[in-house]
Amino acid sequence: QVQLVESGGGLVQAGGSLRLSCAASGRTFSNRAMGWFRQAPGKEREFVAGINWDGGSTYYYADSVKGRFTISRDNAKNTVYLQMNSLKPEDTAVYYCAAVESPGSWYYAKARNLRTYDYWGQGTQVTVSS
C-alpha cells in the first residue's frame, strides 16, 4: 500500500507561482510512475503532468500547462513536485497526486489516463485570483 499526501496549495494572484509537493509513504517509491491531476468545480478530473521512475525521468504535460508547470521527483525523499509558474485563474482546482504500481512502458496516453493510477492523494486546493 502507498499513501500520498499533497501540500503546498493556497491562494495566489494571477501570474504568481506555487510549488506543490506529494510525499509518498509505504512501499517502494522509486520504481513508480507519478502523476498530477486537477479537478475544478463542476468539471471532470484532468491530467496535468506525469513522470516515470527511470533515471532519465520521462515526463509529459497537458497542453494547457506546458511551458508553465514542471514536474520533478526526488526519490531519496519519496517526493514528487509540481512547480507552477505564470498561474492563471483557470488553473484554480483541487490538485491530486497519483502513483502507478508497475508502470511498465510509459507514454503520453498512459500517463494522462486516470485508470492508469493505483493510488491517489486527498488533494490540495489551488486558487488563482484575477
Side-chain angles (χ1 to χ4, degrees):
Q1 192 73 9
V2 174
Q3 293 79 41
L4 304 173
V5 178
E6 302 96 335
S7 62
L11 173 64
V12 64
Q13 288 188 333
S17 298
L18 283 174
R19 188 175 82 154
L20 305 183
S21 299
C22 173
S25 61
R27 294 168 59 186
T28 304
F29 171 79
S30 61
N31 61 348
R32 302 181 191 281
M34 305 292 294
W36 285 98
F37 289 76
R38 66 187 182 187
Q39 188 166 17
K43 295 188 177 181
E44 294 184 350
R45 193 170 298 189
E46 65 175 8
F47 171 74
V48 175
I51 187 168
N52 202 1
W53 63 272
D54 61 15
S57 287
T58 306
Y59 36 77
Y60 301 105
Y61 298 95
D63 288 343
S64 59
V65 306
K66 203 171 292 183
R68 299 188 298 123
F69 291 12
T70 302
I71 188 171
S72 62
R73 65 190 297 161
D74 185 336
N75 287 341
K77 295 183 178 180
N78 288 351
T79 301
V80 63
Y81 304 97
L82 185 68
Q83 177 66 45
M84 305 186 295
N85 298 328
S86 302
L87 282 161
K88 304 175 181 179
E90 51 264 44
D91 294 319
T92 295
V94 177
Y95 283 71
Y96 297 91
C97 172
V100 183
E101 181 77 30
S102 300
S105 58
W106 190 242
Y107 47 92
Y108 180 69
K110 191 172 188 178
R112 69 185 301 270
N113 188 344
L114 278 75
R115 295 184 180 89
T116 296
Y117 296 83
D118 303 295
Y119 305 100
W120 292 84
Q122 294 300 306
T124 185
Q125 176 70 47
V126 172
T127 303
V128 184
S129 62
S130 57

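Rounded to the nearest 0.5 angstrom, K88 NZ and S130 OG are separated by 14.0 Å. Taking CZ of R19 as the reference point, atom OG1 of T70 lies at 11.5 Å (rounded to 0.5 Å). Note that CG of L82 is 11.0 Å distant from OG1 of T124, once rounded to the nearest 0.5 Å. Within the model, atoms CG of L20 and OG1 of T79 stand 12.5 Å from one another, a figure rounded to the nearest 0.5 Å.
Under a cut-off of 6.0 angstrom, the local environment of CD in Q3 is crowded, with over 12 non-hydrogen atoms contributed by other residues, nucleotides or ligands. R68 CZ: more than 12 foreign heavy atoms inside a 6.0 Å radius.
Here the side chain of N52 pairs no donor or acceptor atom with the backbone of W106 at under 3.5 angstrom. At least one donor-acceptor pair under 3.5 Å links the side chain of Y117 to the backbone N or O of A111. The backbone N or O of K110 lies less than 3.5 Å from no partner atom in the side chain of N113, so there is not a single donor-acceptor pair. With E6 contributing its side chain and G123 its backbone, the two residues share a donor-acceptor pair below 3.5 Å.
Donor-acceptor pairing under 3.5 Å is lacking for the side chains of Y119 and Q1.
Under the 4.5 Å side-chain contact rule for hydrophobic residues, I71 and Y108 do not share a cluster. Both Y59 and L4 are members of a single hydrophobic cluster when ILVMFWY side chains are connected at heavy-atom separations under 4.5 Å. Transitive grouping of hydrophobic side chains (ILVMFWY, heavy atoms separated by less than 4.5 Å) brings V65 and L87 into a common cluster. V128 and M84 fall within the same hydrophobic cluster, defined by Ile, Leu, Val, Met, Phe, Trp and Tyr side-chain heavy atoms under 4.5 Å apart, directly or through other members. In the hydrophobic clustering of this structure, F69 does not group with F37; members are Ile, Leu, Val, Met, Phe, Trp, Tyr whose side-chain heavy atoms approach within less than 4.5 Å, directly or through other members.
Counting only heavy atoms from C-beta outward, the side chains of W120 and L114 approach each other to under 4.5 Å. Looking at heavy atoms from C-beta onward, S21 lies out of side-chain contact with K77 at the 4.5 angstrom threshold.
Minimum heavy-atom separation, Y107 to S105: CE2-OG, 3.6 Å. Shortest non-hydrogen contact noted between N85 and S17 is OD1-OG, 2.9 Å. Residue R73 comes nearest to A33 through the heavy atom pair NH1-CA, 4.2 Å, listed as atom of the first residue, atom of the second, then distance. Closest approach of Y61 and A49 over heavy atoms only: CD2-CB, 3.6 Å.
Here F47 and Y60 keep their ring centres 6.0 angstrom or further from each other.
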Next on the checklist: The test is side chain to side chain contact (heavy atoms under 4.5 Å, CB included); show your working for R38 and T92 and say whether it passes.
Outcome noted: CA-CA 9 Å; R38 66 187 182 187; T92 295; over 6 Å; no

